[in-house]
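Reviewing the structure listed below.
In each ligand, atom 1 is the first atom listed, and ligand 1 is the first ligand listed. Here the structure is a predicted model, which is why all the values come from computation and not from measurement. Positions are given from 1, in the same order as the sequence printed here.
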Amino acid sequence: MKDQETAVSSGKLHDLLFRLQAEHALPRAAWLELLRGHTPALQAKTAELAFSVREKFYGNKVYLRGLVEFTSYCRNNCYYCGIRAGNAKAERYRLTESEILSACSHGYELGFRTMVLQGGEDPGFDDDHLARIVGQIKKLHPDCAVTLSCGERPFEVYRRWKEAGADRYLLRHESANAEHYSKLHPAGQTLASRMECLQMLRELHYQTGAGFMVGSPFQTPETLADDLIFLSEFRPEMVGIGPFIPHCDTPFAAEHAGSVDLTLYLLSLIRLMLPKVLLPATTALATLDPDGRRKGFAAGANVIMPNLSPPEVREKYSLYNHKAHTGLESADSFNALIQSLAGLGFNAGSDRGDYPQEQ
Ligand code: SAM
């Protein structure tokens with residue numbers, strides 16, 4: 001009798017997966033059923049469907065993005081983040097223009113065709129200076145895309161960076177549930193302002209990335225359903241999700257890390273919802289599980305973001321503890337990465353890896 005009930009409920013959940021694959025959206029009640037019904041068997045079925053969707057649009061290609069973490073100064077106080085302004089123990093650094101350009105040139109020589117400049121919201125890093133740096137990267141490497149991930153800025157600043165040549169922007173929405181968002185951030189940081197920024201980026205024709213941490217404190221199936229509904233409506237070109245990992249010098253030091261399996265399950269659900277999305281297997285995933293990257297690809301991810309920052313600053317960009325090292329100090333380590341991808345059946349794309357245009 002019990003077996004029969006299990007079969008009926010798993011049949012129903014499979015039907016929801018097929019519906020998601022066909023319609024790319026689900027009503028809230030259906031998302032909740034899929035989230036509450038998460039089992040290893042359902043996760044495996046979802047991954048199987050997601051893997052073939054990724055294969056349909058991307059074949060065996062995965063895209064590499066060279067990550068340059070250019071400043072660890074930040075004016076914000078997100079409760080989860082190790083580089084929050086209130087963390088007096090954080091070691092701060094700010095790369096110079098020539099350090100950023102040489103990290104990008106090193107990446108270019110290795111074969112990267114997207115450079116991601118990420119940092120805290122650093123009031124000491126002039127917006128026009130960053131625009132000039134973006135312009136320099138595009139001038140030196142015209143066949144590269146530049147992605148920025150520099151937090152919330154006024155429309156005018158986003159516009160100047162776009163005009164300087166920036167192609168994409170990553171700004172995780174963190175939580176689409178206002179109450180949950182307010183438990184992750186102090187009063188001055190609001191979901192409304194985050195959403196306004198995402199709309200501005202869209203209006204300026206950036207390829208836009210949203211996303212959230214899996215297992216952040218106070219997250220529930222209900223708040224996750226809000227995240228998935230938001231993603232299905234906003235339809236970003238990129239989605240960044242990775243497990244929350246506590247940092248010892250933040251208010252969330254004693255919280256538990258997010259689950260690798262839930263992250264993998266959500267990656268697969270997002271692939272079914274947004275078939276062409278650029279979806280990284282994140283460093284946070286690789287931090288919690290040494291096999292995280294491979295599992296991320298098997299679940300439908302198609303991007304990795306190795307670190308191109310100068311080795312001496314990498315430890316200082318500490319968002320969470322025990323961050324995995326994916327440094328590419330040498331051509332040898334880059335070749336090892338390419339070979340390990342090949343061993344998994346993937347080829348690193350040699351082009352910019354833009355979001356595929358609608359046919
Ligand atoms: N300042 C920019 C912003 O807020 O978008 C970019 C840098 S921010 C540090 C990049 C991302 O790191 C955040 O969107 C957040 O989701 C993630 N992050 C921060 N602390 C984390 C933690 N403890 N565990 C996992 N991810 C974390």
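Shortest contact from atom 20 (N) of ligand 1 to any protein heavy atom: Y80 CD1, 3.4 Å. Among all non-hydrogen protein atoms, the one lying nearest atom 10 (C) of ligand 1 is Q118 NE2, 3.9 Å. If you check which protein heavy atom lies closest to atom 12 (O) of ligand 1, you get L319 CD1, 3.5 Å. I245 O, 3.5 Å is the protein heavy atom nearest to atom 22 (C) of ligand 1. Looking only at protein heavy atoms, the nearest one to atom 6 (C) of ligand 1 is G119 O, 3.4 Å. Of all protein heavy atoms, the one lying nearest to atom 27 (C) of ligand 1 is M213 SD, 3.5 Å. The protein heavy-atom contact nearest to atom 15 (C) of ligand 1 is E174 OE2, 3.6 Å. In terms of protein heavy-atom proximity, atom 5 (O) of ligand 1 is closest to L171 CD1, 3.8 Å.
For atom 8 (S) of ligand 1, the nearest protein heavy atom is 4.0 Å or more away. Inside a 4.0 Å radius of atom 25 (C) of ligand 1 there is at least one protein heavy atom.
Distances shorter than 4.0 angstrom occur between a heavy atom of Y317 and an atom of ligand 1. Residue contacts with ligand 1 leave out H247, since none of its heavy atoms falls under 4.0 Å from the ligand. Ligand 1 lies less than 4.0 angstrom from a heavy atom belonging to S149. Ligand 1 is approached by P243 to a heavy-atom distance shorter than 4.0 Å. Every heavy atom of S216 sits 4.0 Å or more from the atoms of ligand 1.
Salt bridge status for E69 with R314: absent, with no side-chain N to carboxylate O gap under 4.0 Å. Between E97 and R132, none of the side-chain N atoms (NZ, or NE/NH1/NH2) sits under 4.0 Å from a carboxylate O, so this pair counts as no salt bridge. A salt bridge links D354 with R168: the distance from a Lys NZ or Arg NE/NH1/NH2 to an Asp or Glu carboxylate oxygen falls below 4.0 Å. Between R113 and D351 there is no salt bridge, since no side-chain N of the basic residue sits under 4.0 Å from a carboxylate O of the acidic one. Between E163 and R160 there is no salt bridge, since no side-chain nitrogen of the basic residue lies less than 4.0 Å from a carboxylate oxygen of the acidic one.
For NZ of K12, the number of neighbouring non-hydrogen atoms (other residues, nucleotides, ligands) closer than 6.0 Å is 12 at most. Within a 6.0 Å radius of CD in E179, no more than 12 heavy atoms belonging to other residues, nucleotides or ligands are found. For H205, the NE2 atom is loosely surrounded, since the number of other residues' heavy atoms within 6.0 Å does not exceed 12.
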Exercise. Go through the steps to decide whether H247 and Y80 satisfy the test ring pair (Phe, Tyr, Trp, His ring centres under 6.0 Å), and finish with yes or no.
Key: CA-CA 7 Å; H247 185 291; Y80 44 84; over 10 Å; no

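Residue R172 places at least one N or O, backbone or side chain, under 3.5 Å from an N or O of ligand 1.
Using a 3.5 Å distance cut-off with no hydrogens or angles, the side chains of N177 and E222 do not pair a donor with an acceptor.
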